[in-house]
Amino acid sequence: MKYWLVKSEPSVWSWDDQVKAGTTDWSGVRNPQATINMKTMKKGDRAFFYHSNEGLAVVGICEIAKEAYPDPSDKAGKFVQVDVKPLEAFKQPVTMAEIKATPGLKDMVLVKNSRLSVQPVTAAEWKAVCKMGGLKS
DNA sequence: GCCAACGTTGGC
DNA sequence: GCCAACGTTGGC
């Protein structure tokens, strides 16, 4: 199983929205590298749900419910989307500041390339962040 | 609100 | 196909 991190601005689409909506498509990604990452995702992979701009924290865990397929909002047909299903909310959000202050998490893509909206997360990073968020993993 | 980092666009 | 200019993202 692989681990990922997806980003959303809570003013546009928040974790609460995701929980209320249940399984939804993760559409609108228009970045080549993020697209490659989504194409690599397998059903059953896990992804952190991160709030950018406001909150600046990992707030919950999603499961990839459906592997990459064409994003209907992309007329050119170049970009893809996956389906995500909310699994579990963190007991406490893990903020960017905490991640930066934690040895071993400083190399997370979130820190290194904060603009990438769909990122890989290593197993070690996954475990550490889950623990900080109050979840077993 | 500012600005650094990154992507994209378009003239050549 | 290069690269300067511009636009966007997102942390601070």
Side-chain angles (χ1 to χ4, degrees):
Chain A
M1 177 185 328
K2 286 211 161 63
Y3 301 105
W4 308 94
L5 180 148
V6 296
K7 273 192 313 194
S8 183
E9 298 185 37
S11 59
V12 178
W13 185 253
S14 70
W15 169 254
D16 285 344
D17 292 331
Q18 188 72 60
V19 170
K20 271 182 217 150
T23 303
T24 64
D25 55 337
W26 195 262
S27 65
V29 173
R30 292 294 180 271
N31 175 284
Q33 213 181 333
T35 299
I36 290 168
N37 287 337
M38 286 200 295
K39 285 180 177 172
T40 312
M41 290 175 172
K42 297 286 182 209
K43 193 178 175 189
D45 282 357
R46 301 288 165 88
F48 286 138
F49 193 109
Y50 177 80
H51 279 170
S52 64
N53 281 318
E54 304 162 46
L56 306 185
V58 178
V59 291
I61 293 173
C62 288
E63 179 179 316
I64 307 306
K66 186 176 178 183
E67 294 176 15
Y69 59 103
D71 183 341
S73 70
D74 173 30
K75 295 286 189 288
K78 271 191 293 186
F79 294 103
V80 299
Q81 61 186 14
V82 295
D83 284 359
V84 297
K85 173 185 168 189
L87 283 188
E88 211 171 357
F90 274 15
K91 303 266 190 285
Q92 66 215 18
V94 178
T95 65
M96 169 67 86
E98 288 176 80
I99 287 169
K100 280 190 165 176
T102 305
L105 295 181
K106 286 176 183 170
D107 288 333
M108 278 186 77
V109 181
L110 188 65
V111 177
K112 288 281 179 69
N113 183 4
S114 60
R115 288 191 54 188
L116 185 58
S117 58
V118 180
Q119 318 176 349
V121 172
T122 69
E125 289 162 355
W126 182 268
K127 208 174 168 184
V129 174
C130 283
K131 196 176 174 189
M132 289 162 74
L135 298 184
K136 272 180 275 178
S137 72

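Remember, it's a predicted structure, so these values are computed and weren't measured experimentally. Chain letters run A, B, ... following the sequence lines, proteins first and then strands; every chain starts at 1.
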Gap between atoms NZ and C1', on A/Lys112 and B/dA4 respectively (whole Å) = 17 Å
query = Would you say the side-chain atoms of A/Thr40 and A/Asn37 include a donor-acceptor pair closer than 3.5 Å?
reply = no
task = Return the value, rounded to whole Å, for the distance between atom CZ of A/Arg115 and atom C1' of C/dT8.
result = 6 Å
request  = Could you state the atom-to-atom distance from CG of A/Asn31 to P of B/dT8 in whole Å?
outcome  = 6 Å
inquiry  = Would you compute the distance between atom NZ of A/Lys66 and atom NZ of A/Lys85 and round it to the nearest 0.5 angstrom?
reply    = 15.0 Å
inquiry  = From CG of A/Asn53 over to P of C/dC12, roughly how many Å is that when rounded to an integer?
reply    = 12 Å
query = Phosphate oxygens OP1/OP2 of C/dT9: is one of them under 4.0 Å from a side-chain N or O of A/Tyr50?
reply = no
request  = Report the distance from atom CD of A/Glu54 to atom C1' of C/dT9, rounded to the nearest whole Å.
outcome  = 14 Å
Closest nucleotide among B/dG7, C/dG10, C/dG11 to the A/Met96 side chain = C/dG11
request  = Select base, sugar-phosphate, or nothing to describe what A/Gln33 touches, counting heavy atoms under 4.0 Å on all strands.
outcome  = sugar-phosphate
ask   = Taking the inter-plane angle between the rings of A/Tyr3 and A/Trp126 on a 0 to 90° scale, is it parallel (under 30°), tilted (30 to 60°) or perpendicular (over 60°)?
value = parallel
inquiry  = Nearest to the A/Pro32 side chain among C/dG10, B/dG7, C/dG11, which nucleotide is it?
reply    = B/dG7
key: Atom-to-atom span, NZ of A/Lys78 to P of B/dG7 - whole angstrom   = 15 Å
ask   = Rounded to the nearest Å, what distance is computed from the CD atom of residue A/Glu98 to the C1' atom of nucleotide C/dG11?
value = 16 Å
Interatomic distance, A/Leu116 CG vs C/dT8 P [rounded to whole Å] = 19 Å
Gap between atom CZ of A/Arg46 and atom CD of A/Glu88 - 0.5 Å precision = 9.0 Å
